[in-house]
Amino acid sequence: MRNDYADAVLRVASLVGPGRVLSYGDVAELLDAGGPRQVGAAMSRSGEAGGRGAVPWWRVIRANGTLPEPLAAEALEHWAAEATPLRGGRVDMARARWSPTELDFAEIDALAEGLSRGGAPKRGTPLV
DNA sequence: CTTTTGACAGCGT
DNA sequence: CACGCTGCCAAAA
């Protein structure tokens, strides 16, 4: 079922609570898979997300507490609305970084598990 | 199979 | 603070 890496990334993003954020690299590290670029690539697809934009994309940002031009403006509104710790127009990563609870860890671990599905692709499994 | 690309990160200059 | 280069890993061409 785990469609793919992107799905896991989106789920982790949805775990982040209001007023908190995670850097792309953090997400990759939590999943213990891929890297910041994969997370970003996955997030780019969040707009589609099966047609549902229920993904709090503004809670997954760059390590420096910002987002690319086109998104910064809109994200800033969300951050302000959620009382996210800001500093000079960008997120104060030191204070806003999300800390997963043990419960969240279990969730994340389960997601990571799904990614490792080395099951048995073998044979003509076109896969992605 | 190889090459290119991408909502990145970190370090050196 | 501004650039430039390297490392990263998966998906798409």
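Naming convention: chains lettered A, B, ... in sequence-line order (proteins, then strands); numbering from 1 in each chain. Basis for what follows: all heavy atoms, side chains included, without hydrogens, waters or symmetry-related copies.
- The CD1-C1' distance, from Ile61(A) to dA9(B), rounds to 14 Å in whole Å.
- Taking each heavy atom of Trp98(A) and Val16(A) in turn, the nearest pair found is CE3-CG2, 3.8 Å.
- The main-chain N or O of Met43(A) is never found under 3.5 Å from a side-chain atom of Tyr24(A) such that the two would form a donor-acceptor pair.
- Put simply, CG on Asp4(A) is 9 Å from C1' on dA11(C), counting in whole angstrom units.
- Atom CE of Met93(A) and atom P of dA9(B) are 8 Å apart (whole Å).
- Counting only distance, with no hydrogens or angles, the side chain of Asp109(A) and the backbone of Ala106(A) share no donor-acceptor pair below 3.5 Å.
- Under the 4.5 Å side-chain criterion, counting only non-hydrogen atoms from C-beta, Val21(A) is not in contact with Arg97(A).
- Judged by distance alone with a 3.5 Å cut-off, a donor-acceptor contact links the side chain of Ser46(A) to the base of dA7(B).
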Please write out the pairs of protein N or O atoms and N or O atoms of nucleotides 3-7 of chain C separated by less than 3.5 Å, giving the distance to one decimal.
none

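- The minimum heavy-atom distance linking Pro36(A) with Ala28(A) is given by the pair N-CB, 4.1 Å.
- For the pair Asp32(A) CG and dC8(C) C1', the interatomic distance rounds to 14 Å; values are reported in whole Å.
- Note that CG of Asp7(A) is 12.0 Å distant from OG of Ser46(A), once rounded to the nearest 0.5 Å.
- Non-hydrogen atoms lying under 4.0 Å from DNA chain B are contributed by Ala63(A), Leu67(A), Pro68(A), Leu71(A), all within residues 63-76 of chain A.
- The two atoms that bring Thr84(A) and Gly19(A) nearest to each other are OG1-CA, 3.4 Å, heavy atoms only.
- Helical stems of DNA chain B (runs of at least 3 Watson-Crick or G-U pairs, donor-acceptor distances under 3.5 Å) are listed by first residue: B:2-6 with C:9-13, B:8-13 with C:2-7.
- In terms of modelled atom types and a separation under 3.5 Å, the side chain of Trp79(A) and the main chain of Trp58(A) share a donor-acceptor contact.
- In the interface, the side chain of Tyr5(A) is not paired with the base of dA10(C) through any donor and acceptor atom under 3.5 Å apart.
- Atom pair Arg62(A):CZ and dA7(B):C1' shows a separation of 7 Å (rounding to whole Å applied).
- Taking a cutoff of 4.0 Å between a charged side-chain nitrogen and a carboxylate oxygen, Glu82(A) and Arg59(A) qualify as a salt bridge.
- The minimum heavy-atom distance between Arg45(A) and Asp4(A), with the atom names listed, is NH2-OD1, 4.2 Å.
- Atom CG in Asp7(A) sits about 12 Å away from atom P in dA11(C), given to the nearest Å.
- Inter-residue side-chain proximity for Pro100(A) and Leu30(A) is flagged as met; some heavy-atom pair is nearer than 4.5 Å.
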